[in-house]
Every structure is written in C-alpha cells, then in structure tokens.
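Here is how names work: the chains are called A, B, and so on, in the same order as the sequence lines, proteins then strands, and each is numbered from 1. Computed from a predicted model, the values in this text were never measured in an experiment. Note that these values count all heavy atoms, side chains included, but never hydrogens, waters or copies made by symmetry.
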Amino acid sequence: MTTPATQVDDDLTAFVDASAALTGIDAELLRPQPVDAHGTAQTYLDTVRANDPAGLKVLLQLYRDNSAKLKPNEIAKLIMAHDSAVKLLGRSIIALWYLASWYQPAALVEPQMFAPFVTISVDAYTQSWIWRIAQSHPMGYSEWEFGYWTKGPRPLTDFIGEGKGL
Amino acid sequence: MSATTSYDVVIVGGGISGAMIAKRLGLQGKKVLIIEAGDDVPSNNNADFLGTFYLSQSKGVEVPYTPPVFDGDPTAVPQTLTDPKTMFAGRPTVFSLGPGAWNDPKQSYLLQQGPFAFGSTYERIAGGTTRHWLGSSFRFLPNDFRTNSEYGVAIDWPIGYDDLERWYGEAEHEIGVSANVQDQGYLGIRFGDGYTYPMPQIPNTLVDHAVDESVGNVPPFDDIALAVTNTPAGRNSIPYQDRRVCAGNTNCIPICPIQAKYDASVTLADAAQTGNVDRWCNTVATHVTVGADGNVSEIRYRTYSPDGSSPPSEEQSVSAHVYVIAAHAIETPKLLLLSTNGGRFPNGVANSSGKVGKYLMDHVMYLAWAQSAQPVYPYRGPLSTAGIESLRDGPFRRDHAAMRIEIGNDGWNWPISDPTTTALDFICGVNNSNTNDGKEALFGRELAVKLNGLLTKQFRLGYLIEQTPEDDCFVSVDATTQDPNKLDALGAPRPAITYNLSDYTKLGFVVARRTATAIFDAMGATEKTQFKTKDDYQPANPNRDGSVFEVTYLDADPQTNTPLHVVPAGTPGATTEYFNFFGAGHVVGTYRMGPDKSSSVVDKDSRSWDHPNLFLVGSGVFPTVATGNPTLTIAALALRAADAILHDLPVGSPAHAGP
C-alpha cells in the first residue's frame, strides 16, 4: 500500500537512517531536505513494506532499539549478523538504493550473474547510487556538460557525503 | 492486388542509406516514397524509448526499440523473449545468442544454421540501425579497398579510396562528424586541400589518456608501434543540425537521451521537409517484380497494424522509375531471394551471378578487460572516444586479420554487466566479477568505498577483427517452408544464416589476446578477462555456446620465415586456445559490388547488373568488411548512388502523383 503524500510515514525516519547505515551513504542525502523531489525514500520504504512487511518490522525495530546506544554502523552490523531473513532483507535494501531495483531477499543468498530484479521506476533509475559511488552518473542520465570527462570527478565525499554520522 | 501511386523513386528501408538518398532526391524535386517495415519515428522521438531502456532489466542494444524484444510487461520477472513468429517486422536480438537460444527458432528471429552463431543484429524501424549505433565514423584505409592486390587476400573493391574521398566528406557533413583532420591522416587516409570536419573532435577521456600514456611501452608488433587516436564521431561537439552538444551520457549504444548522436531519423526529417518524400511505415516489401524489359516494374508490399488490431493488408503494389532496396545486409537479400516472379527468376532477382546472400561478414569482436593501477574514472563521457588504429593495416595482413582496438569508457558494463555484478558480489559475498576472491560480504561505508575503488579502475578494450568473404557464410531463405516457427507474422520465411570463422580471422584473435595482455602489462593494470577453456567448446552439443571457438596454431618463426599459422590439433609444439566472440553489429557483404556481373551483384554505383533501374545500397555491397566501422562508408556509397540515380531520372517534371 502506498502512503498518501500528505501523511507522514512513521517508519520513514528509521528506514532512512537504517538505509544510511547499510549503504554507507549519508542519511541527509537519502532524505533530501526540505523536500524530496523524487520521493525516493518513501517509494523504497513502500516497496520493502509491500514485499517483506514482517522482515521490515524486525529490521526497523532493531534499529530503533539500538539507535540511542550504538553508532549506525554498529547497528548495521547487528542487522547483517541477525537471522538469515533480516540479513537478506538488509542486502535487498542496499541493492534497492544502489541499483534502484528490487531483488527478492531470497534471491540474494548466492546470486548468479544476471539475477532477476525489477527496476522501481524511470525516476528511481536516474537516482541510483551505484553511479555516484563510481563518481559518475547513471548511464543514459548525465546532468553534466560537454567535456566534463576530460577532468577527474569531484571527491567521493561530494557524491555520498562525509560519512561522519555513520 | 491493387496498384498505387507512381513515384520517381521507391526506396525500401528507412535507415541511413534510404534516408540520405531520399533527402538528396527530394531536394532535387524528385518524388520519393520510402517503404519502412517497422514503426515510424515517434512523435516524442526518444522519450518513450528512453523510458523502456531505464526500466528494462537488460540494457542490450535493441531493448529501447520496437517491436519489443521481450514479451509483455517490460518489468516482468523473468523476462521472456518475444516469439519471432508473432512479429510482423521481426529482427534479431543479442538476447537470443546464448546457449540453447541462438539456434532455437522460437527465440531467434534468424534461423541460425551454424556452425557458429552470427552475433550481430539490426533494427527494423524508421531510422534503422543507426538508432543504436555508436557513432564511430571511420573512413576506410586505401589498402582496405585492395587487399588482394596488396596482400593476396580476399578481393579488391571495384573502387578505391580516391573514388570515395569526395563522398566521405559529404557523408561526414550529412551525419555531422566531430574530428580533426590532423589526427585522422594515418595509414594512407588523405583529405582534400582545406578540408575540415564539420565539428572539432570530441576530447579524449581519462581512460584514453591512461592507455595513451603507456601504449608506447608496448613492444612493437611486426615493427608496428601502437598509438592511441581520437575517434571520429557522429556526435555533436558543437550545436549542429539543430541538435544539442554531447553531454557524456555514456549511452550512445543503445540510445542517446538528447540525440547529440546522429541517427537517421534526423535525415528522414530533412527528407520530409523537402515536401517531396513520403514515408509509409509498418509497410513490408514482399516482392520485387521484374517486367519484360528486364527493369523492375513494381514493389509489392503488405501493411499491418503494430498492435494487431486489424489484420494485415493483402498484397498491394507501387511503381516508380527507379527502385532502391536499402533494407540492410540480411533483409535485402531475403527480399531479393523471395522475389521469384512466378518462377521466372527461381533464384531471385538481381541474382544472375548467384552471389545474392553470399559472403556475409562482420567485425568479430574480442573483448578484454582490466583493472588499472590508478583510477581512470570510467562510466563518464561518450561510450568510446578513442582507439588504437595501428593494426588496421600492415604486412601481417598476408597472414592474419587486421583489427582496430576500441577503448571503452563504459567500465565493465559490456563484459560483465557492471556496475551491477560487482555491486552484488560485495553485497552478497559472491565472485561473479572475478574481483571478490575472498567472497567478502560488506555493508555500510566499507562497501561504498570498496566499490568506489573497484569501479573507478575499470576499463576494457574491444577488438574489431576483420573477416574475409567466405563461401560458408551466407544468408538464404527457404521459400517453400510451412513451418510456423520459421515464418514471421505475415507468413513470410525468415532469413537463415550459415556462419563460420576462417583461420585468417581466428589468428586475429590470437594476436588480439596477446596485444591486449601486452597493453595491460605496460599500464601496470591487472587483466580480468574471463578466458574460455576446452570445456566451453562443445561443437557436437546442440545446446552449445555458438560463440566459442578453438584454434590451434604455431607461432611465427623468423628463422624459417614462417608466419603465425593454424595447424591441426595435436601438432607438436602447437598451442591451442579458446575464445568467445561477439558481433560488432557490422553486417556486411551479401550483395557485393564488383567489376563484372559474373562475380558480383551490383556495379560500383550500387546498381544491379541485371536490372538497370534497381539499386541495392547499404553494407551489403561491401566486397570486404575492411577495418573501420561501416556506417560512414555506407552513407558515402549511398550518396554516390543517389548521384547515379539523379542522372538516370528523366529531366523535368517529377512523376505524376495520384492514381
């Protein structure tokens, strides 16, 4: 079920914070302020909720229970060391942000090359983070100008944040 | 069957050849009809195509275009290839080249007869295969036109470089090519006095510079030193033809989001602007009819609605003074071979030589990839901006294939579908990318930094290796087949392909592997090419990988003046290697031009020897595949043919329009 735009999703903050811990990308970048023009975070939360609501509940509860006492990266460790279902959901969430695609958690045990997935949307593709991790842009979606490729890119931290809060 | 309006010229095929000829003739006031089998240019041009590309699981060359490569919902998991028998204007796809698929007529539009899989594909859509071309706009070398005279290999063209020089220039301006003359005058390429390309070059990327800095340290091959050269590109470096400047989307294949890369829909629009060129799409030519005087008298065709909402039309016909078949090197011979004229031409029209469909060629591709020592920042800039052209010619052509080496800016996207594969490897702790030997499963900042370190060091080399015209490579049709799995949705037989690789070409792969490894070594890069083994080569297995071959050879021996050469397996001292190959999309040579009607299908103006008012244009006229990407030469030859057609047409008023 998709959350109406005017209603604040109670899980959104925890989902973004947990996503930041799992992906290594600053939470402020996953949740652009003041407005998320692409609605990516909410779209991804809705995607996870639609596909694995039970797993999402456990994962977010793990995050909430530990957010006051552990650093995000330590919570991510707990998630990825939790039972298989939560660990695999963690992988799916990383792949979701990186590749703008939903991989079923069960498909991420030992995926072969060309593991099947569903790209979330045209808009999501243009916001996929793996390209920024490569200090680049999605293939087929450059917002840069002629000749940019003759110079080195900006530092990685300009693309995915400083990581200080992680 | 009913006859339709008369035109000066009817052109079958709305790709680059058809579009360029139509524009030239339209500007001269000639009434022209283009019959295009596939869909027309969409009103929003690339927008829907781009959306399909973004959403598709598979980003292969045909994915954005119509008819859909995959059945039904493009987001369905798993995806299913569209059955070719359901398509009115089907075409091959790279997704039907895998083991068990390439020779399965329920998956492959081409009826592949083997022994190897023909790896190249084409589009049937307004704009043709330039919809998904890279944009590389090479002139052929003078020696490409005379390999028999120079090296005793293959055959000479009936024309030479100097015959095409003027047309190359005109084609470069029609396409809009970005390059600098001072960079392109190598291996005998000459330009007219004062000639300039219409736009300055597209600058090289950091990947190109990294190769360029080290390639001088590669030991010379046959006394030939390797060097990096900027690639002439059909891609805007300044605004041109009302189109934007390249923004480095790294997506020339399969689709430039901003049409900074030329495609033939640009020329189709120009042709329509003349007011003299009509375009009928979803209209499939079915038969070329020859009159009693030996001239073509009509083209028969059928129309269809792409969504199948109404049944296809009965056969109709259209007539003109001159006819041009510009339907690519597979659909053109198919149409000619099917045009038996009620038995008067049992071997098809334009085929008194028996050469229609013969000598199918491609640039067979060897792919090598590596991790650089320092970041080179791929996935930025156009897909390719430079290459190593040094091995396009040399005395070695007596013994093995020439090649050009394309430097890719697309990281390992082609070799292993990256960045996806490497990302999933480190998310899940697997090693499909050959970069995660320890099968680390990472997350958080450590994952992001690890992937950054790997992805920014990826690069690849793509070798375009020459094929010679051989008797065992050809297009044929079985006009009598009733097997529904060998027909299209109009009930027409689909093209069959017999395809092999010669020893001459296989030795080119041996040299390609050596030079790639030498280049990587000189750069201090770590090669990651996934080599094939004996287990991958199973010639007797019907479900084999049709793109893997074996070659056994003895090295050159200067003491006995013996060149690198192929020997039987088991020969003492011999080496056996296994390769997989890719098609370059350069489908060439099935209605070749030549000096006489016994050895060729068309003359040097692309005119049928048998039927004076029939022109066959496109890459099918190439007698040899040569060493450059073919599109610029296709365009140059089309413009040359347009000139000949203009001379043929009656002076004065154009054909009467209307019934």
Segment of [X] engaging chain A (4.5 angstrom heavy-atom cut-off):
X        : answer
B:Pro254 : neither
B:Asn413 : side chain
B:Ala260 : neither
B:Thr205 : both
B:Tyr379 : both
B:Lys59  : side chain

Looking at every non-hydrogen atom in both residues, tell me the closest pair between [X] and [Y] and how far apart they are.
X        : Y        : value
B:Arg380 : A:Tyr148 : CA-OH, 3.4 Å
B:Asn432 : A:Pro111 : ND2-O, 2.9 Å
A:Thr150 : B:Pro203 : CG2-CB, 3.5 Å
A:Tyr141 : B:Asn249 : N-OD1, 3.1 Å

Inset, instruction - Go through B:Gly411, B:Ala448, B:Gly248, B:Ala423 and name the one with the most non-hydrogen pairs under 4.5 angstrom from chain A. - result: B:Gly248
Inset, instruction - Could you verify whether a donor N or O on one side chain and an acceptor N or O on the other, from A:Gln135 and B:Asn452, lie under 3.5 Å apart? - result: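 B:Asn452 and A:Gln135 do have a side-chain donor-acceptor pair below 3.5 Å.
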Less than 4.5 Å apart, any side-chain heavy atom of [X] and any of [Y]?
X        : Y        : answer
A:Ile94  : B:Phe443 : yes
A:Ser142 : B:Thr250 : no
B:Ile416 : A:Met113 : yes
B:Leu55  : A:Val122 : yes
B:Thr422 : A:Ile130 : no
B:Ser237 : A:Phe146 : yes
A:Trp149 : B:Pro382 : yes
B:Thr420 : A:Tyr98  : no

Which answer fits [X], side chain, backbone, both or neither, if we ask what part of it has an atom under 4.5 Å from a heavy atom of chain B?
X        : answer
A:Trp131 : side chain
A:Thr126 : side chain
A:Ile160 : both
A:Tyr103 : side chain
A:Leu156 : side chain
A:Met139 : both
A:Ala21  : backbone
A:Pro138 : backbone

Interatomic distance, [X] atom [atom1] to [Y] atom [atom2] [nearest 0.5 angstrom]:
X        : Y        : atom1 : atom2 : value
A:Thr119 : B:Tyr54  : OG1   : OH    : 12.0 Å
A:Ile93  : B:Ile427 : CD1   : CD1   : 11.5 Å
A:Glu110 : B:Leu424 : CD    : CG    : 13.0 Å
A:His137 : B:Asn251 : NE2   : CG    : 9.0 Å
A:Phe114 : B:Gln79  : CZ    : CD    : 12.5 Å

Does [atom1] belonging to [X] count more than 12 external heavy atoms closer than 6.0 Å?
X        : atom1 : result
A:Lys77  : NZ    : no
B:Gln241 : CD    : yes
B:Asp242 : CG    : no
B:Gln374 : CD    : no

Legend entry - Working for side-chain contact (heavy atoms from CB on, under 4.5 Å), residues B:Arg445 and A:Asn73: CA-CA 8 Å; B:Arg445 199 69 171 187; A:Asn73 192 50; 5.9 Å; no
Legend entry - Option that, when pairs with chain B are counted at under 4.5 Å, heavy atom only, ranks first among A:Gly163, A:Gly140, A:Ser136: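 With the most close heavy-atom pairs to chain B, the winner is A:Gly140.
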